[in-house]
Participant: 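Quick one: the structure is below, and I'll ask about it shortly.
Along the sequence shown, residues carry numbers from 1. Please read all numbers here as calculations on a predicted model, not as lab measurements. All values below were derived from every heavy atom in this structure, side-chain atoms included, with hydrogens, water molecules and symmetry-related copies excluded.
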Amino acid sequence: MTKQKKQKWKRNLVVMTAITGLVFSTFYPGLSIPVAAVEQPDQPIPKEESVSIVQLVVPNDKAKEKLLELGIDLTHRIEAHDGVYEVDAVVTPTEIAMLKTFGINVKETLITENQWNTRVAERQSTAQLQASLAASEDTLKVLRANHFTNQSGTFLYLEVKSSAGATASTALKATWTENGEEKSATLSRLVDYSEYLYHYLLLPVSAIPSSVKIESNLGGTATSTVTEWLGKEPKHPKTDYVTDFVDHYMAPNELYERAEKLAKEFPNLVEIIDMPNKTNGYRRLAQATIGGTTNPAVVVSSKAWGHEGGNDVSIEFKNPGTNNSPLKVTVDGTKILVDLATDSSGKATSTAAQVVKALNENASQLVTATTYRGNAGAGVVAPTTNAAILTDGLKAGADVSRDPFTVKAIRIGKHRDGSKPGVLGYAQEHAREWVTPLVTIETAERLLRNYSQDSETRKLVDNLDIFLVPSVNPDGANYSFNDYNMQRKNMTNHCGPTASDPGYRNNWGVDLNRNHSVGSVFDGYIGGGTSCTGETYAGPAENSEPEGRNLVWLADKNPNIKFAMNIHSYGGYFMWSPGAYDSKRTTLPRPSAGEEAFYWAASDNILNDIQDHRGTVILPSRTGPIPDVLYSAAGNSADYLWYEKGIYAWNFEVGADLWNKDTKRWQAVGFQPAFVEGHEEAMEFANGLIGLIKVAYNSAKDHQPPSSKATPGNGKYTGPVDVKIETSEPATIYYTLDGSRPTFQSAKIKLSGTREFAETLKIEKTTTINYFTVDAAGNIEKNYNPLGNGKNYNSVTLTIK
């Protein structure tokens, strides 16, 4: 409402109030309107009042008619029930006071004027931003212009960032030539959690264009050469290199039996590490819900695990057949009999709450009892037809142990004493991801069975310390294979009585990839849950779960681990830290520009190895830091390894979408595809995991320090200068601008923006830039020692006139 409208409306209200006063005195004797409320000659106009939108409770039709008669500003929302009306209205404090005299009261204030003004200001700010962006030509940055060919066809992929991309009205169009014909398409705008990332395009092409032109509706243009994504020809497998060691999905007991056999067969190259923190086990309490969920019900749970006697407990609710009988509980071995109380006519009268109390007092050696999901239990419990047998509900055969599980790691290497750089691959944090353990087992088999005949494999095993954890979550995996295939979490129930009846059995557990201590939901980061039945439940506290603590223990115990791969499914992603952001989409600290460059460079090698198997291409749009390509995952394990341990940690999401030539659409493969597809995924991502191992090997033998060049360098310049420091390989650049000696505590060159390149240093006054570079292997340029007193760092001085 504008100020002018409100002033006019207020004058009308004063006049209306004066007129209404006569009406009130006629129809409501005894009600008077203060004279001060009526505008008098030579009196100042009453002070303008604030306006709110409120929900009014109108008690009857008579009051409703009065409300309409008064001309109150009503919105379009009105609800009626039992002769009472709830109406939303725009009112002032004076009107609220007046309406009270008719029994019309405010139930809830919906929007105050201050809130209204704030929203208007927000809208105006957005509109001004849009207008300012549209007022001038935008600048376009082509982040990626790639082509690739997979088993389904040839595709064009673009990523372009507009300086005006923060507004949705900015549209980008790509134009290219295909077989002599000009083609064009509009790019999609990608925004995540309110942050504009870039515009992108992915579509099949009949021929590879040499270049592409991007045009913005705001006038910006850019042209880029189209290059090949990954850029290597698929390799032909060596005839003496053996693969394909998995032929079915494997449950945890099979995985670890295979591991033990490998250790026995290759004792000089393999050992099995027993993790110290045993899991809760594939086990449950035996339970029964008696009375159903629609009638007064009692939930009974055994004190013993089902397999340890809980499944032998039975319970019966019985009408004793006599009048005026008291409630009575009798325990005979594992049989519980509840004689319900009766009235004078012999009818059962015991309520659910009374039965619960009696069971907890008289059968506590066998069971605990609660009302159904925390209800009051005031209803009368009905007798049972037969005794209810408590059951843990678990369906696996006797070959699946119910005892706490010892998680194991397969350690492969000729020297397993910590003297060689370590590589960690771990799988199945999420139980339903059946392909992922196969990647680790296939990798282990390849490393060991090719050791004697393939020199490249021998280099890896002789010079690295390789740790493979086939199943981080064996309890959940057993549950997924035998009880509920979509189980994501482990099997530990942290819920209280209101969510612990058998109806929740598929909802219990902790998401092990949300339970770690860096960037967790407990620190305010997004992507983890606090509901004990939620799919991303982070647990009652950080590191509450033994499965997660095992990973922490392994990293603590083996500080030589420098690289890691967390293997998940599905979707065909390849990602790294940061993995989480908060409600303002502020991520955990991003890697330096040099560290990010190393992630990308290593990824190029790993993704080429994946492609070698059957042509699967992990898309550029699904490669990069987790928040840039997927979503926030608070408390994930890779973030722990990167931020706490300094381990270069990647995440596979095996199972890339397949292109359907008939429907011309990408088709998802799911967590548990037919094994013919699951087998192919295991083969190609075992290629990728060995690709990571090769990255670790190449890093280990890298003893060459990086070199660098600042452009422009020493000299005299007019006006501000943007200085770019280029390195001979991916390397972190530490620098100072105040003439001081650079150290590891100095500032680092960062990325200039999300999915962009290294920042430049804007020098506006005479400055000396002192800096040094460090590569991923730890080599320091010129062998400079940042912890010492030497001065063999790089230094350039820019004199600004």
Participant: Thr177 and Glu182: side-chain donor and acceptor closer than 3.5 Å?
Facilitator: no
Participant: Tell me whether Lys750 at atom NZ has more than 12 heavy atoms from other residues, nucleotides or ligands lying less than 6.0 Å away.
Facilitator: no
Participant: So do Val518 and Glu644 actually touch side chain to side chain, heavy atoms under 4.5 Å?
Facilitator: yes
Participant: State whether a side-chain donor-acceptor pair under 3.5 Å links Asn566 with Ser637.
Facilitator: yes
Participant: Going by the side-chain contact (heavy atoms from CB on, under 4.5 Å) test, name the single residue among Leu468, Leu554, Leu641 that passes it with Tyr426.
Facilitator: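 Testing Tyr426 for a side-chain contact (heavy atoms from CB on, under 4.5 Å) against Leu468, Leu554, Leu641 leaves exactly one candidate, Leu641.
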Participant: Side chains of Asp192 and Tyr581: donor-acceptor distance under 3.5 Å anywhere?
Facilitator: yes
Participant: Have Asn605 and Asn608 got a donor and an acceptor in their side chains that come within less than 3.5 Å?
Facilitator: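 Result is no, nothing qualifies.
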Participant: Any heavy-atom pair between the side chains of Tyr648 and Phe598 that's under 4.5 Å?
Facilitator: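 A side-chain contact under 4.5 Å exists here.
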Participant: Quick check: do Val423 and Ile561 have side-chain heavy atoms less than 4.5 Å from each other?
Facilitator: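 Of all side-chain heavy-atom pairs linking Ile561 with Val423, none is under 4.5 Å.
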Participant: Listed by chain and number, what are the side-chain hydrogen bond (donor to acceptor under 3.5 Å, both in side chains) partners of Thr623, not counting sequence neighbours?
Facilitator: none
Participant: Any donor-acceptor pair under 3.5 Å linking the side-chain atoms of Thr154 with those of Thr149?
Facilitator: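 Note: Thr149 and Thr154 side chains meet the donor-acceptor criterion.
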Participant: Would Lys420 and Asp462 pass as an ion pair if we require N to O under 4.0 Å?
Facilitator: no
Participant: Side chains of Thr227 and Asn146: is there a donor and an acceptor less than 3.5 Å apart?
Facilitator: yes
Participant: Tyr157: what forms a ring-ring contact (aromatic ring centres under 6.0 Å, His included) with it, not counting sequence neighbours?
Facilitator: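 Here no residue qualifies.
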Participant: Quick check: do Leu156 and Phe148 have side-chain heavy atoms less than 4.5 Å from each other?
Facilitator: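 They are not in side-chain contact.
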Participant: With side chains defined as the heavy atoms from C-beta onward, is the minimum distance between Ser746 and Phe772 less than 4.5 Å?
Facilitator: no
Participant: Going by the side chain to side chain donor-acceptor pair (under 3.5 Å) test, which pairs reach into residues 724-733, not counting sequence neighbours?
Facilitator: Ser592-Thr732, Ser707-Ser728
Participant: Under the side-chain contact (heavy atoms from CB on, under 4.5 Å) criterion, do Asn794 and Glu781 qualify, and how do the steps go?
Facilitator: CA-CA 9 Å; Asn794 299 296; Glu781 186 175 7; 2.9 Å; yes
Participant: At their closest point, which heavy atom of Ile725 faces which heavy atom of Ser708, and how far apart are they?
Facilitator: CG2-CB, 4.3 Å
Participant: Hey, is NZ on Lys645 packed in by over 12 heavy atoms from elsewhere, all under 6.0 Å?
Facilitator: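 Above 12, so yes.
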Participant: Under the rule for salt bridge (Lys or Arg N to Asp or Glu O under 4.0 Å), what residues qualify as partners of Lys141, not counting sequence neighbours?
Facilitator: Glu756
Participant: Can you classify the ring geometry of Tyr599 versus Trp650 as parallel (below 30°), tilted (30 to 60°) or perpendicular (above 60°)?
Facilitator: perpendicular
Participant: Between Asn515 and Glu542, do the side chains contain a donor N or O and an acceptor N or O under 3.5 Å apart?
Facilitator: no
Participant: So do Leu460 and Lys694 actually touch side chain to side chain, heavy atoms under 4.5 Å?
Facilitator: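 Side chain of Lys694 against side chain of Leu460, heavy atoms only: contact under 4.5 Å found.
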Participant: What pairs with Asp465 under salt bridge (Lys or Arg N to Asp or Glu O under 4.0 Å), at least two apart in sequence or on another chain?
Facilitator: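 Arg411.
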Participant: Do Glu684 and Thr616 have a side chain donor and acceptor closer than 3.5 Å?
Facilitator: yes
Participant: Does Leu607 reach the side chain of Trp229, with side-chain heavy atoms less than 4.5 Å apart?
Facilitator: yes
Participant: Decide whether Glu759 and Ser752 meet the rule of one side-chain donor and one side-chain acceptor closer than 3.5 Å.
Facilitator: no
Participant: List in chain and number order the residues that pass side-chain contact (heavy atoms from CB on, under 4.5 Å) with Ser188, two or more places apart in sequence or in another chain; answer none if no residue qualifies.
Facilitator: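 If we apply the side-chain contact (heavy atoms from CB on, under 4.5 Å) test to Ser188, skipping adjacent residues, the hits are Tyr200.
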Participant: Quiz question: by atom type and distance under 3.5 Å, do the side chains of Lys791 and Asn770 form a donor-acceptor pair?
Facilitator: no
Participant: Do Arg514 and Ser520 have side-chain heavy atoms sitting under 4.5 Å apart?
Facilitator: no
Participant: Using side-chain hydrogen bond (donor to acceptor under 3.5 Å, both in side chains), reason through Tyr570 and Asp657 one step at a time and then give a plain yes or no.
Facilitator: CA-CA 8 Å; Tyr570 62 97; Asp657 295 351; over 6 Å; no
